[in-house]
Structure formats: structure tokens, C-alpha cells
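Remarks on the structure that follows.
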Amino acid sequence: MKPDHAGQIRDAEELLSAGIQRPGLAKGLYLGHFVPDFVMPFPELSPDEQTRLDTVLPELRMFLDTRLNPAEIDRQADIPREVIDGLARLGLLGMAAPEEFGGKGFSQLAYCQVMEEVGGRCASTSIFINAHHSIGLRALVLFGTPEQKRRWLAPLVRGEKLAAFALTEPEAGSDAGNVQTRASLSEDGTHYILNGEKRYITNAAIADVLTVMARTPDNKITAFLVTPDMPGFVLTEPRMSKLGIRGTATSRLAVRDMPVPKENVLGETGRGLKVALTVLDYGRATFGACCTGAAKTCLKLAVDHANTRRQFGRTLGEFELIKKKLARMAADTYAMEAMTTVTAALIDSGTEDCMIETAMLKVMTSEALWRIVNDTFQIFGGAAYFTDRPLERMLRDARINQIGEGANEVLASFIALAGLRGPGLQLQEMWEAMHHPWSDLGKVWRIGMERIGAAVHAPAVPVRNSQLHSRANHLGGLIRRFSTEVDRVLIHYREEILDRQYTQQRIAGAAVGLYASLCVLSRWDAEILKPSHGAGDDLSAADLYLRRSFRRVRRWLSELHENDDDLVTATANAALRT
Ligand SMILES: Cc1cc2nc3c(=O)[nH]c(=O)nc-3n(C[C@H](O)[C@H](O)[C@H](O)COP(=O)(O)OP(=O)(O)OC[C@H]3O[C@@H](n4cnc5c(N)ncnc54)[C@H](O)[C@@H]3O)c2cc1C
């Protein structure tokens, strides 16, 4: 069966807030614009929040150093209750929840800095917190009624209750809209009766409140607040045995004729996908922070080892092929942190229009971390293979990031198609206006001039340091070239682009590269201006990232014209027939 791309785009449109007039950061790139809000100047915390964060971080580090044993968590496949209680005492289970419910009321930017610390030590623990907080509790904060919040939020913040988020099912993985769990209305209309199965649900075996997605009689997906004591709630496999993040309790569960009061509908009936995709923005931003933390840990391990391990009479760090890995790791880590910061600030701005950016962050940081862990592993050689070092665990743990909260292939398609929509609509409007006798020539002229303008003028990328002007101009030129290629792709393929994943991947790859480069340039610009910045301070990681990123963007765009797509298809089809 042909995939329902039109349906997927419709779903995405429902989730990308309707009626947005001014394209934001990512969407602007597709139109050849650069919208500097939230990127430039580089975002930072308010002095007040920075002060509060400065008191939380040392306490957290002390706790993690003394009470968290990631190797033991991995071995036992469990996070001890004392660790969960300790995290709750430090406020980590309700960091971003409002203060009236006992939370710290932290911004996403501050929360990400906290989660970077946890992600740098133990992926099981960071994913446990992410499932509880960023997608579990957050759904309640954003969509709960006052009564639901009064009932659930405070115990969740205190860690007396834990949360989970249950969307995935046997037939609804990447195709999240294909939820089969049914919610039919009871005869007296007081409650829904849920039937279905969920799988791969983080925290389900330890959760006291689960946000469960089910299809209501309107054939749309609705979010329900479910507790495990409801009759018909069955954990069919409480802790699935797995490769990595083994400390998390990942479950399979079923709901069988389970009555759920109507008051437990979370958000509007039929708007469950909106709930799911909104909280996933927070989840993906937190993924970015956790991947950044893990990348920093790898870099430190790799540097220590490269400075101490000697072979052929030299330290490993003296060999060019090791330098090359370390340099790439440092450059990618710098970019991961910059992109997490900008994306978190974008979320804090209150815009609902940040799904493309959070998807870009998730793809970029999860792919970069996988390379970084792999490079660190290689630098350690045989020593990495043994369980007395953290690297084999980190390798196993890192693999989930490219799959969880949206497989990267699916997100790449989304990044491309959601971005292409704006210029696509403009071109369609122009096309229709030109082909009708009552055509509005003014409109044709206006859109035409806008498109020509984007093709001719590179947008300004306003850096404050003159030494960065040439990079900023280069980046502006790449944005212009990107938008020209976007128009070309749309004119060439029209609706067929929905099925052209090779092209989508190139468009998404270039867009992610541009977004990452803007974040890096902005961070670099801000760092030069810091009073503490000295002439000898080394920012070569930023420079290296930009050079490599510009080259990658050019390559993605060139491959739109010169590629092996036909041969790739033929080879894959031959393999699929065997
Ligand atoms: C450890 C773990 C924890 C999880 N925690 C949760 C949780 O708390 N709550 C929850 O609801 N879910 C959770 N998930 C589910 C997770 O979100 C899904 O695994 C993920 O969305 C992918 O779905 P799938 O596994 O069914 O893969 P599938 O949908 O079967 O996809 C398999 C692969 O096919 C490819 N693919 C799929 N569709 C396309 C496409 N359109 N184009 C190109 N390639 C495609 C991708 O490479 C993908 O990796 C968890 C999963 C794991 C492994």
C-alpha cells in the first residue's frame, strides 16, 4: 500500500500551529530569509535564573558524583528508588513545573543545562527523567484542566508519583497517527472504555499516571490520563530486556475494557496528536541537551586517554589520525551545545512553531553523538570493549537516540516537507494566479518579486565582530543558494516531492546544516564579546565546525543534481526481490 503522505502532512499541519503569518527561523531559510530572533544575539539566561541555576548545579553534581552509579544501574537494569528520591529532592522531577505546584518554574534553557549534567553521566537516568518530565508531566502542565493539575501535579513534582507517555503500539510506531487503541463512550456517557495495546513505553512499569493515546468515536486521537489501578490495565511485559538504557523500565501493556472517566481526557477530545507532538518538542530539546552532555563526557575521556596512552614511543594524541577524531568531536560538541541553547530559547519564546527546529536538533545531536561515541571507542581501542570502562555502555545507550522520539529518517522527511510547504504554497498561488483569466496580476508580481529577490539577494547574517563577517556572508550566500534549490525542487517535482525521499533527505540535510551553522556562528560571536574573552582563547572548534558544515551543505545541494539515485533504487529493488 502506498504511504498516506498527504495524511501525514495534514497531521503535521494540524500540529504546526495554524495561521502563522511570519515564517520563523527554520521556515524562513526555505524562503531565503534569515529571521535572527532567538539566534542572534546568542540566548542567555536572565541574571535571576542564572543565579538560581548556579545554586542547583553544584548540588546536583555532588549528588551525581556520590549517589549515582551508572554502571550498577546498567548491570541491575534498574534505577534505585533512593536515586529517584534524591533527584526529586533536588527538584529534578519538576524543574520546569510552575512554582505554585512545587516546581522550580525553570525555563527550558535552564532545564536543558541541568539535563546536560545528567545526560553526561547516565543515559538511563536522563531518559527516565525525560519520560517523566519532558513528555509525561509536561503534557499535564500544558494541557491539563485546573482540576487535573490540582490532583496530579504536586505529587509528580515531588516524585511521589511518576509519569509515562504511551503513544507507540504494534501498528503505530513511526506512523504515530495509526493508533489502534479504541476509546468508545459508555452508554451513560460518563466515561470512555479503552481497548488496545501499547509497547516500548518508558516508565510504564513504575508510573502512577500515564498519558495514553486512543482513538475516540470521532476517529481522531485523544489523550487520556490513566492510572494503573484502573480495572483492565495490564502490564503484559513490565521490563522488556534490552540493549541499552537498561536502567529504564520499558514496558508492553494492554488496556482491556478499561473505564476512564471523561474528566481524564487531557486537552481537547480529538486533539491528542497535538498533545503528543507539542510535548515531543520539549522531549527532543531535552534529548539535545542529554546528547550534548554525553558528547562532553566522551570528549573528556578521549582527551585524557590520548594524552596518556603511549604507543610507538608517543602519546596517541600526537598521531594525526587521532587528532582528526578529537578535532571533529570538539567541533561537533561545540555545535550541539549551541544548537540546544538556541532551540531551548525558541521554545521559551512561547512560539508553537518550533517543530522543525526541535526535529533538526534531535537529528543533528543524535547522529553526532553516535559518531562521537564511536570515535572515542576507537581511540580507546581494545580497552573500550570491556565492562570496566563506561564506553561499551555509552555505545549501547547512545543507539536509542536515533530511533526514539521519532526515527531520524522520518524526522528528515518531516524537516524537508514541513519546510517546503511555505515556498510550495507561494509557488502554487503564483501558478494559479497566472493560469486563470481573472488572475490577480498584482499577486503574481508580488510573489514573483519576492522569489526573485530571494534568489538574487543573500540575507544579511548580522554578526557583531568584524572578524566573523566573511563567515556570515558565506552563510548568507548558502541560505540564498538553498532557497533557490528549494524552488527548483518544487517546480521540478511538484506534489511528487512527497514521495521523493532521496531529495527530501538532501533538503533536510542542507537545512539542518544551515541551522547548526547559524547557532555556531552566533555562539562564537557572543563568546568573542565576553569580558572574560582573551586574545589567546581558542575558538578553533567553532571555526572548524563552520568550515565542515558549509562544505556539507554545498555537497547536499550538489547531490540534488548529481547522484546515483536510479542505481540506488535498482540495487535496493534487486535486494528486496531476493
Ligand atoms: C527504549 C525505547 C523507549 C521508548 N519509549 C517510548 C515511550 O516512552 N513512549 C512511546 O510512546 N514510545 C516509546 N518508544 C517508541 C519509539 O518512539 C519508537 O520505537 C519509534 O517511534 C519508532 O517506531 P518503531 O520502533 O515502531 O519503528 P518502525 O516504525 O517500525 O520503523 C523502523 C525503521 O523504519 C524506518 N522508517 C519508518 N518509517 C519510515 C518512513 N516513512 N520513511 C523512511 N524510513 C522509515 C526508520 O529507519 C525506522 O527506524 C520507545 C522505544 C524504545 C526502543
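Each ligand, and each atom within it, is numbered from 1 in the order the structure gives.
Taking each heavy atom of Ser124 and Thr248 in turn, the nearest pair found is O-CG2, 3.3 Å. Between Asp487 and Pro423, the shortest heavy-atom distance links the atoms OD1-CB, 4.1 Å. The two atoms that bring Leu167 and Ala276 nearest to each other are CD2-CB, 4.3 Å, heavy atoms only. Shortest non-hydrogen contact noted between Val209 and Lys161 is CG2-CD, 4.4 Å.
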Between side-chain atoms of residues 570-578 and protein atoms elsewhere (two or more places apart, or another chain), which donor-acceptor pairs fall under 3.5 Å?
unit_1: Thr571; atom_1: OG1; unit_2: Leu567; atom_2: O; d: 2.7
unit_1: Asn573; atom_1: ND2; unit_2: Thr569; atom_2: O; d: 3.4
unit_1: Thr578; atom_1: OG1; unit_2: Ala575; atom_2: O; d: 2.6

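With a 4.0 Å cut-off on non-hydrogen atoms, Ile135 does not touch ligand 1 at all. For Ala131, no heavy-atom contact with ligand 1 is shorter than 4.0 Å.
Those atoms of ligand 1 that come under 4.0 Å of a heavy atom in Ala407, given as number and element, are 46 (C), 48 (C), 49 (O). Close contacts of ligand 1 with Thr168, meaning ligand atoms under 4.0 Å from a residue heavy atom, involve 10 (C), 11 (O), 12 (N), 13 (C), 14 (N), 15 (C), 16 (C), 17 (O). Close approach to Glu405 involves these atoms of ligand 1, each under 4.0 Å from a residue heavy atom: 17 (O). Atoms of ligand 1 found under 4.0 Å from any heavy atom of Ile201, numbered from 1 in the order shown, are 7 (C), 8 (O), 9 (N), 10 (C), 11 (O). Interface of Ile403 with ligand 1, defined as ligand atoms under 4.0 Å from a residue heavy atom, comprises 19 (O), 20 (C).
In terms of N/O distances under 3.5 Å, ligand 1 is not approached by Asp175. Of the N or O atoms in Leu167, one or more lie within a sub-3.5 Å distance of an N or O in ligand 1.
Relative to atom 1 (C) of ligand 1, the option among Leu280, Ile400, Asn178 with the closest non-hydrogen atom is Ile400. Counting heavy atoms only, Gln501 comes closest to atom 43 (C) of ligand 1 of the residues Gln505, Lys242, Gln501, Arg246. For atom 44 (N) of ligand 1, the nearest non-hydrogen atom from the set Gln504, Glu409, Arg399 belongs to Glu409.
Put simply, no part of Lys198 is less than 4.0 Å from ligand 1, judged by heavy atoms.
Annotation: side chain to side chain donor-acceptor pair (under 3.5 Å) contacts involving residues 254-270, sequence neighbours excluded, comprise Asn195-Asp257.
Taking the six-membered ring for Trp and thresholds of 30 and 60 degrees, Phe377 and Tyr385 have ring planes more than 60 degrees apart, a perpendicular arrangement.
Counting heavy atoms from C-beta outward, Leu361 and Arg284 have side chains that stay 4.5 Å or more apart.
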